[in-house]
Amino acid sequence: VHNHYGPNDLSMWQYDGWSQNGNGGIFFFNDTLRANTPWGPRPDYTRTEVQQYVRDNAAMWLGEFRMDGLRWDATKFMRRTDSAGTDIPSGWSLLQACNNDIDAAWPGKISIAEDFDDSDAVTRPVSQSGAGFDSQWDAQFYWPVRGNLSSPRPARLPPSRSFAGATRSKRSAACWA
């Protein structure tokens with residue numbers, strides 16, 4: 001999960017003993033706008049060391065451990081301060097770089113964004129200014145499927161959250177690859 005780290009049991013937290021505003025130090029955003037996500041502190045994507053760490057981590061899972069692909073958790077919190085907040089251009093460019101790396105080294109591997117914004121930019125190719133993900137999770141699809149799979153009896157959901165409604169919405173959604 002590269003949209004947040006720690007701070008519990010995190011060796012990078014205040015790694016060099018420095019911090020600003022009580023935040024994580026050199027590998028984390030320390031300003032009040034970008035420092036936090038709903039789950040913990042946000043890495044500082046403007047730092048070359050952080051970018052390389054994330055890229056190397058993706059390469060490790062795909063190359064050394066031979067995973068079939070990666071699911072990237074809450075990517076909108078890598079590219080924005082909050083659900084509708086300020087853009088973080090360095091987070092967007094990091095996602096693009098990771099997907100370019102994956103496509104170049106492992107063309108058969110899949111990269112999936114959990115973004116929940118239904119933005120076609122997330123799955124648009126990097127060459128067209130997109131993030132380059134192969135697919136993305138969609139809340140309109142996830143919740144009906146989860147409800148039906150985790151219940152001994154299929155849930156009675158309103159039409160907008162039904163499995164049939166989810167599949168209809170996916171057939172017409174440009175962001176679903």
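These figures come from a predicted structure and were not determined experimentally.
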Is the shortest side-chain N to carboxylate O distance from [X] to [Y] below 4.0 Å?
{"X": "Asp82", "Y": "Arg80", "value": "no"}
{"X": "Asp31", "Y": "Arg34", "value": "yes"}
{"X": "Lys76", "Y": "Asp117", "value": "yes"}

Pair Ser111, Asp134: side-chain N/O donor-acceptor within cut-off below 3.5 Å: no
- Query: Does the side-chain contact (heavy atoms from CB on, under 4.5 Å) test come out yes or no for Ser83 and Phe116, once each step is laid out?
  - Reply: CA-CA 9 Å; Ser83 288; Phe116 293 145; over 6 Å; no
For [X] versus [Y], what's the shortest heavy-atom pair and its separation?
{"X": "Ala74", "Y": "Glu114", "result": "N-OE1, 2.9 Å"}
{"X": "Phe77", "Y": "Pro38", "result": "CE2-CD, 3.5 Å"}
{"X": "Gln14", "Y": "Gly22", "result": "NE2-O, 4.0 Å"}
{"X": "Asp68", "Y": "Leu62", "result": "C-CD2, 4.4 Å"}
{"X": "Ala35", "Y": "Asn23", "result": "CB-ND2, 3.7 Å"}
{"X": "Met78", "Y": "Ile88", "result": "O-CB, 3.8 Å"}

Check whether any side-chain N or O of [X] sits under 3.5 Å from a backbone N or O of [Y] as a donor-acceptor pair, and report yes or no.
{"X": "Gln96", "Y": "Gly130", "value": "yes"}
{"X": "Arg47", "Y": "Phe28", "value": "no"}
{"X": "Lys109", "Y": "Leu70", "value": "no"}

Side-chain heavy-atom pair [X], [Y] within 4.5 angstrom cut-off:
{"X": "Trp137", "Y": "Ile112", "result": "yes"}
{"X": "Tyr53", "Y": "Pro43", "result": "no"}
{"X": "Thr46", "Y": "Phe29", "result": "yes"}
{"X": "Leu94", "Y": "Val54", "result": "yes"}
{"X": "Arg124", "Y": "Phe133", "result": "no"}
{"X": "Arg79", "Y": "Asp115", "result": "yes"}
{"X": "Trp72", "Y": "Leu95", "result": "yes"}
{"X": "Asp73", "Y": "Arg71", "result": "yes"}

Applying the 4.5 Å side-chain criterion to the ILVMFWY set and letting contacts propagate, would [X] and [Y] be lumped into a single cluster?
{"X": "Trp39", "Y": "Leu33", "answer": "no"}
{"X": "Tyr45", "Y": "Val122", "answer": "yes"}
{"X": "Trp106", "Y": "Met67", "answer": "yes"}

inquiry  = Ring centres under 6.0 Å, that's the criterion: do Trp13 and Phe27 meet it?
reply    = no
Quick one: [atom1] on [X] to [atom2] on [Y], what's the gap to the nearest 0.5 Å?
{"X": "Gln52", "Y": "Asn57", "atom1": "CD", "atom2": "CG", "answer": "11.5 Å"}
{"X": "Asp56", "Y": "Glu49", "atom1": "CG", "atom2": "CD", "answer": "12.0 Å"}
{"X": "Asp103", "Y": "Cys98", "atom1": "CG", "atom2": "SG", "answer": "11.0 Å"}

(Q) Using side-chain contact (heavy atoms from CB on, under 4.5 Å), reason through Thr75 and His2 one step at a time and then give a plain yes or no. (A) CA-CA 8 Å; Thr75 54; His2 297 296; over 6 Å; no
